[in-house]
Amino acid sequence: MYVKQESDEIDQYVKHRGWNNMRSTGTGLRYMIYEHGSGEQATKGKYAFVNYKITLLDGTVCYTSEKNGPKKFLIGQDHVESGLHEGILFMKAGDKAIFILPSHLAHGLMGDNDKIPARSSVVYDIELLSLR
């Protein structure tokens with residue numbers, strides 16, 4: 001029941017923003033590439049270097065690369081949100097995208113014990129800078 005309610009909230013958020021070309025995966029991840037780069041396709045086993053802004057659905061900014069610097073992670077292996085691993089695979093280097101991660105693909109029942117509360121959907125505005 002909670003998953004359905006959270007999915008409905010995300011759908012309302014997407015509709016309110018007018019993001020008509022937002023796609024959804026079987027896991028519940030919503031994604032939209034809004035600027036296309038010309039670099040290589042992201043694949044598991046590569047390091048992704050990203051700029052990001054992470055917000056809650058209410059607009060609260062949690063983390064940004066502007067403040068914390070770009071993030072580097074090994075696709076498919078490092079300890080980052082599972083929704084981030086899933087979403088990055090839709091991107092090419094140079095792409096910019098919006099990901100909306102339902103709580104089960106983000107920080108789940110516990111939150112991150114810092115800025116992301118328990119059971120929170122998170123919105124990533126992300127740019128894939130490069131792959132190595």
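Quick note: residue numbers are just sequence positions, from 1.
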Residues that Phe73 engages under ring-ring contact (aromatic ring centres under 6.0 Å, His included), provided they are two or more places apart: His85
Residue pairs passing the ring-ring contact (aromatic ring centres under 6.0 Å, His included) test where at least one lies in residues 87-115, sequence neighbours excluded: Tyr31-Phe90
Residue list, salt bridge (charged side-chain N to carboxylate O under 4.0 Å, His left out) with Asp78, at least two apart or on another chain: none
Test side chain to side chain donor-acceptor pair (under 3.5 Å) applied to Glu9 - qualifying residues, sequence neighbours left out: Gln5
Backbone N/O of Ser65 and side chain of Asn68: donor-acceptor pair under 3.5 Å: no
For Glu40, all residues meeting side-chain contact (heavy atoms from CB on, under 4.5 Å), sequence neighbours excluded: Lys46, Leu131
Counterpart residues, side-chain contact (heavy atoms from CB on, under 4.5 Å), relative to Val61 (two or more places apart): Lys53, Thr55, Thr64
Any residue meeting side-chain contact (heavy atoms from CB on, under 4.5 Å) with Ser7, in chain and number order, not counting sequence neighbours: Asp11, Arg30
Test: Lys72 cationic atom under 6.0 Å from Phe49 six-membered ring centre, within 45° of axis: no
Hydrophobic cluster partners of Leu109 (side-chain heavy atoms under 4.5 Å): none
With Asn20 via side-chain contact (heavy atoms from CB on, under 4.5 Å) - residues at least two apart: none
From Ile88 atom CD1 to Asp95 atom CG, the distance as rounded to the nearest 0.5 Å: 9.0 Å
Non-neighbouring partners of Lys4 that pass salt bridge (charged side-chain N to carboxylate O under 4.0 Å, His left out), sequence neighbours left out: Asp8
Value rounded to 0.5 Å, distance of NZ in Lys44 from CD in Gln77: 9.5 Å
ILVMFWY clustering at 4.5 Å (side-chain atoms), partners of Met1: none
Residues clustering with Ile100 (ILVMFWY side chains joined when closer than 4.5 Å, directly or via others): Ile10, Tyr13, Val14, Trp19, Met22, Met32, Tyr34, Leu57, Ile98, Val123
